[in-house]
Amino acid sequence: MMSFATTGTTPIGVAAAAAPARRVADVIIPLALDTAYSYAVPAGMELLPGAQVRVPFGPRREAIGVVWGLRAGDPGNLKQVIEPAGGPVFSDNLRSFLDWVARWTLAPRGSVLAMALKRPDEERGEVIRVGIRLAGPPPKRMTPARSRVIAAAEGGLLHGKSDLARAAGVSAGVIDGLVDEGTLETCVMPPENLFPPPDPDHAVTQLGPAQEAAARNLREAVAAHDAGAFLLEGVTGSGKTEVYFEAVAETLRAGRQSLILVPEIALTAQFLDRFAQRFGVRPAVWHSGVTGRKREKLYAGLASGEVRVVAGARSALFLPYADLGLIVVDEEHEAAYKQEDGVHYHARDMAVVRGRIDGCPVVLASATPTIETRVNAAQERYRHLILPERYGGRTLPAITAVDLRGAKAGGKSDDKPEGDGWISPPLAAAIEETMARGEQALIFLNRRGYAPLTLCRACGHRYECPNCSAWLVDHRFRRALVCHHCGHVARRPSACEACGTVDALAACGPGVERIAEEVATRFPGKRAITLSSDFPGGTERMRRELADIAAGKCDIVIGTQLVAKGHNFPGMTLVGVIDADIGLSSGDPRAAERTFQLLQQVTGRAGRGEKAGRALVQTYQPEHPVIAALISGDAERFYAQETENRRLAGLPPFGRLASLIISSRHREQAEAHARALARAAHAMDLRDPRLTLLGPAEAPIILIRGRYRYRLLLKSAREFDLQSFIRDWLAGAPKPRGDIRVQVDIDPQSFF
DNA sequence: AGCACGCCGACT
DNA sequence: GTCGGCGTGCTC
């Protein structure tokens with residue numbers, strides 16, 4: 001059944017000839033396996049290192065893997081490579097990069113390879129596209145629809161059938177009729193060129209002096225194949241995009257490829273059109289939603305080098321480029337660059353590594369760079385390019401705090417919201433004024449649902465998630481209680497589940513739905529819309545609503561962090577923040593920085609258009625460094641303080657944070673193993689103070705996709721090799737029994 | 001990730 | 001007796 005009988009033995013007829021090279025291929029299979037498996041290379045088979053091969057795997061399976069190395073050696077009774085599998089050859093650079101990522105993330109090499117092997121499912125034949133062109137005399141009976149079609153088909157050019165029908169405003173039936181009459185004829189259209197080459201000199205932009213200086217630096221780095229990272233920092237509207245477009249242009253002139261990494265939500269038509277204005281065509285786009293034939297063609301086009309510029313989400317970083325000459329990471333600070341399932345990696349950092357390995361510059365662009373990137377720039381690991389000015393002298397919105405503490409803390413008591421409302425009198429007045437001027441207002445509250453806590457008025461029972469003991473959030477619109485950690489959904493009961501009292505559920509605290517209710521009663525007749533990630537009707541409907549808002553068809557927008565990024569609302573002149581303190585006490589080491597950036601982004605939504613904007617920020621902690629920095633606009637000082645805090649706490653970028661994720665299908669097992677590891681880590685703290693166990697010993701266990709997960713947080717001094725420590729530790733720790741898995745996330749971005 | 005092997009409860 | 005549930009471990 002297997003080929004053991006013949007492997008290692010030369011077929012009789014060839015035996016007398018010179019001994020054939022005995023070659024062994026070490027192959028990585030794109031499964032969660034770290035080891036390379038060795039296969040005999042049959043005599044006469046041409047194989048290069050990095051080639052894709054079909055190999056037997058297990059008793060009755062085949063797999064497509066990548067040759068990680070070729071060596072001379074005794075094939076013994078190894079199985080044989082079945083055949084080369086076509087597709088791009090993975091270059092030495094790419095394999096080194098994938099190895100590096102696997103080592104860094106402690107992920108199996110096969111899992112990392114799988115991210116680069118987005119293999120087309122099947123080689124499918126070219127679809128024949130039917131074209132239509134004008135061929136004969138006008139039809140005997142002319143109708144208005146028919147004349148429109150003929151007018152649209154004028155000039156003898158080829159038209160796609162559906163395109164032509166759309167252009168003429170008729171159905172395909174009219175065209176079929178004209179084909180039958182002989183006026184039109186069908187023919188085979190040449191395959192569509194999906195990726196027309198961008199033209200570096202299509203529409204050269206006039207740059208300001210600071211932009212020009214930055215662009216010159218980037219052009220030189222591209223031309224010199226200078227493998228280094230740049231931080232390109234500039235406030236919104238300072239022209240960062242134009243500057244890195246110049247680096248893309250230079251890469252195009254050199255005939256090499258550019259990768260522009262963009263957070264997936266920012267891959268909008270707006271961004272692509274901006275590229276098209278500069279380069280004549282839209283860039284190729286890669287993200288999880290690009291599927292089927294388009295994905296296959298793009299994959300092949302990148303590997304052949306034919307596709308010159310790709311704009312992609314983080315997964316685009318792992319593709320087999322033929323000749324990568326530039327990587328741009330736009331909006332470097334975006335948390336979307338962190339992959340938190342499967343292989344845990346941060347695309348921004350991996351981009352810098354790929355640039356090193358491939359020998360090309362990496363540009364990190366942001367208006368609000370993260371602390372780690374700022375420090376890398378300050379320590380001159382990254383070169384720092386600054387665009388200090390906003391285009392056209394437009395000003396940033398004026399931000400004021402609304403002190404909610406009331407009289408006892410010295411604030412003005414009349415600033416507190418009345419009764420059971422959440423909108424304070426100053427904010428309400430500001431909304432009134434904005435409405436009176438016919439402008440738009442945005443009310444921001446980063447909390448989905450109606451109320452974050454539900455309890456029974458009769459017995460005080462709190463509704464908690466049965467899986468992870470987090471509070472269940474009241475979603476009145478969906479008539480459900482929802483766990484925001486694990487997604488558990490329960491019907492909203494009418495009687496208390498503890499004491500049975502009917503209609504005694506009390507909602508505590510505000511969520512966006514509750515604010516929407518308050519807006520509806522306080523501003524009757526105003527058109528209001530609530531935007532959050534559980535918006536009913538999906539992305540398509542959301543997109544339409546956003547377009548309506550931009551067109552001014554809405555007076556008041558109530559939203560979660562969804563409204564903070566990406567979308568531009570030109571008519572928005574007021575932003576009200578209901579609770580700026582959310583997130584400040586979350587225990588997340590990045591809480592302050594995160595909150596600051598979020599509030600900066602959302603208040604920055606005011607006054608993007610013609611008219612100046614302002615923002616009112618409701619808070620119980622007006623003196624908190626985050627709020628104070630936001631009000632004063634002194635971001636630099638805030639970052640300096642926050643950097644110092646991190647240094648004192650030994651957190652990134654001055655140390656490393658890692659979380660061990662322990663997961664099992666059985667809650668008790670996950671708990672027991674996590675406790676054992678925590679004890680081991682604690683013992684390690686005492687022996688080696690460079691490594692510390694952080695966070696609450698009793699972290700919640702949460703259920704994600706059928707597995708209970710526990711997160712153990714560690715920090716270590718920068719020079720301490722956390723990865724090798726964890727590897728050794730896992731090797732020495734009592735073997736996890738059962739279905740327990742341990743994963744590692746270096747520099748995790750979020751903590752519950 | 002599959003797929004086989006194996007160890008327990010339910011059935012012709 | 002053996003069919004099949006899924007828990008466990010291996011794949012050059």
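Note that the structure is predicted; figures quoted are calculated from it, not measured. Letters A, B, ... are given to chains in the order of the sequence lines, protein chains preceding strands, and every chain is numbered from 1. Side chains included, hydrogens not; waters and symmetry mates left out as well; all remaining heavy atoms used.
- Taking atom CZ on A:R109 and atom C1' on C:dC12, their separation rounds to 13 Å, with Å as the unit.
- Rounded to an integer number of Å, the gap from CD1 of A:I28 to C1' of B:dA1 is 15 Å.
- If you take OH of A:Y37 and C1' of C:dC12, they are 7 Å apart, rounded to a whole angstrom.
- Looking at A:F57 and A:V27, their side chains never come closer than 4.5 Å, going by heavy atoms from C-beta outward.
- OP1 and OP2 of C:dT11 both lie 4.0 Å or more from every side-chain N or O belonging to A:R61.
- The aromatic rings of A:W100 and A:W104 sit parallel to each other, their planes meeting at less than 30°, with 60° as the upper class boundary.
- In this structure, the CG atom of A:L31 is 11 Å from the P atom of B:dC3, given to the nearest Å.
- Among the heavy atoms of the strands lying under 4.0 Å from A:L33 is at least one base atom, whether or not backbone atoms are also near.
- Taking CH2 of A:W68 as the reference point, atom CZ of A:F90 lies at 7.0 Å (rounded to 0.5 Å).
- Side-chain contact, A:N446 with A:T560: no donor N or O sits under 3.5 Å from an acceptor N or O.
- Between the C1' atom of B:dA1 and the CG atom of A:L113 lies a distance of 13 Å, rounded to the nearest Å.
- In this structure, the CD1 atom of A:I64 is 16 Å from the P atom of C:dC12, given to the nearest Å.
- In this structure, A:R60 places its CZ atom 9 Å from P of B:dC3, rounding to the nearest Å.
- Residue A:D34 contributes atom CG, which lies 15 Å from atom P of B:dA1 at whole-angstrom precision.
- Within 4.0 Å of A:P30, counting heavy atoms only, lies no atom of the nucleic acid at all.
- The phosphate of C:dC12 (OP1 or OP2) has a side-chain N or O of A:Y39 nearer than 4.0 angstrom.
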